[in-house]
Amino acid sequence: MQTFNGSFLPSVVVGNGGIELSGSGMTRMLSVPTRSALNIFNKIAIRETNLATDALGLYSFLKVGTDKKARVASVKPGQHLLRARTNGCAWSPSGKVRLNTDVFDTCPVEYMGEECPDAFWGDCLEGIFGTVNNNDVRNLQANAETQTFLQLLLDAVYTGLGNSFSALYNFGNSTLITNSDTNGLYLNNGTAPEDWANYKAQQMDSGTCAGIISQLDGLKSQGVPQFALSIASSDISATGDYTGDIQDLIAQLEKNAKPVLKSMIKNGYRTGTRYVRPILLLTEALFRALEDFLIST
């Protein structure tokens with residue numbers, strides 16, 4: 001136990017936990033660091049329906065604590081706030097403002113790539129690097145040409161990162177990957193075993209977070225009507241084409257949609273000064289079937 005007397009000037013840090021004692025005049029302050037940051041989102045009191053943020057999720061950069069958890073706080077506005085006016089002092093509030101806090105786990109990932117710019121070393125192209133007594137053969141910023149090459153190298157790194165994030169975002173921990181791995185289906189499209197092993201490791205060993213497709217499959221398995229629409233196996237050809245009635249399939253999707261989304265499909269919704277309609281995402285086979293249907297009609 002530690003005892004402090006008098007003014008804490010300068011500030012005093014207690015122990016290894018980062019607890020800080022400080023003061024000014026008659027004021028004393030105790031600062032205790034928490035494990036996780038709190039991300040606060042504020043919404044306008046009168047909110048217009050926004051399909052992208054409300055139905056698909058609001059994506060942003062969040063601060064994550066050392067416990068690998070993210071915390072999102074939002075203030076929920078009161079509802080049904082109005083009553084007939086009275087002359088008395090009766091006060092019976094029905095609408096209440098509440099601070100909601102959601103806590104969820106994250107799946108941190110790290111970059112496991114390699115860049116090797118030494119491919120030109122000892123090669124006939126080494127000359128474009130050596131600008132001063134040929135001592136810059138490994139300096140990727142030695143001249144304009146090598147700077148251009150460095151930019152190409154960085155483009156390749158970020159393109160690879162983008163592709164990897166996209167794959168994880170869509171198919172992280174998907175049962176489709178397990179099924180393909182068990183039955184060797186990945187061999188049908190010519191994927192090399194080494195490439196498949198790296199892909200599987202990225203998708204299945206990057207934590208417990210589920211990709212969008214995995215979440216949709218989970219909602220379907222729970223029997224949620226909006227996600228439980230079945231496509232008969234007889235409507236899929238041996239080559240993977242959709243041979244069923246695409247117009248009827250889309251009509252069923254609309255029929256099973258939630259009332260708000262169904263209204264958007266029928267009437268559109270306002271964003272800024274424009275009225276727009278939601279976009280229906282289809283697989284490649286379904287899109288081709290719809291395209292063929294539109295062309296033929």
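Scope of the values below: all heavy atoms of this structure, side chains included, with no hydrogens, waters or symmetry mates.
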Decide if atom [atom1] of [X] counts as having more than 12 heavy atoms of other residues, nucleotides or ligands within a radius under 6.0 Å.
{"X": "F104", "atom1": "CZ", "value": "yes"}
{"X": "Y158", "atom1": "OH", "value": "no"}
{"X": "K262", "atom1": "NZ", "value": "yes"}

For a quick test of reading the model, state the closest non-hydrogen atom pair linking [X] to [Y] and the distance between them.
{"X": "P108", "Y": "K68", "result": "CG-CD, 4.1 Å"}
{"X": "T208", "Y": "C107", "result": "N-SG, 3.4 Å"}
{"X": "D241", "Y": "T239", "result": "OD2-OG1, 3.1 Å"}

With a 3.5 Å distance limit and no angle check, can you tell me whether [X] reaches the backbone of [Y] through a side-chain donor-acceptor pair?
{"X": "S166", "Y": "G162", "value": "no"}
{"X": "N183", "Y": "L185", "value": "no"}
{"X": "D235", "Y": "I231", "value": "no"}
{"X": "R277", "Y": "K266", "value": "yes"}
{"X": "N173", "Y": "G207", "value": "yes"}
{"X": "T182", "Y": "T178", "value": "yes"}
{"X": "S180", "Y": "L176", "value": "no"}

Exercise. Do V64 and V103 share a hydrophobic cluster (ILVMFWY, side-chain heavy atoms under 4.5 Å, transitive)?
Worked result: no
Exercise. Cluster question for you: counting only ILVMFWY and a side-chain heavy-atom cut-off of under 4.5 Å, with indirect links fine, are Y242 and L294 together?
Worked result: yes
Between the side chains of [X] and [Y], is a donor N or O closer than 3.5 angstrom to an acceptor N or O?
{"X": "N198", "Y": "E194", "answer": "no"}
{"X": "S94", "Y": "R83", "answer": "yes"}
{"X": "Q252", "Y": "N256", "answer": "no"}

Exercise. Would a 4.5 Å heavy-atom cut-off, applied to side chains only, mark T101 and V72 as touching?
Worked result: no
Exercise. Could you state the interatomic distance from OG (S174) to CD1 (I213), rounded to the nearest 0.5 Å?
Worked result: 7.5 Å
Exercise. Please walk me through it: do D195 and Y186 pass side-chain contact (heavy atoms from CB on, under 4.5 Å)?
Worked result: CA-CA 10 Å; D195 289 340; Y186 64 90; over 6 Å; no
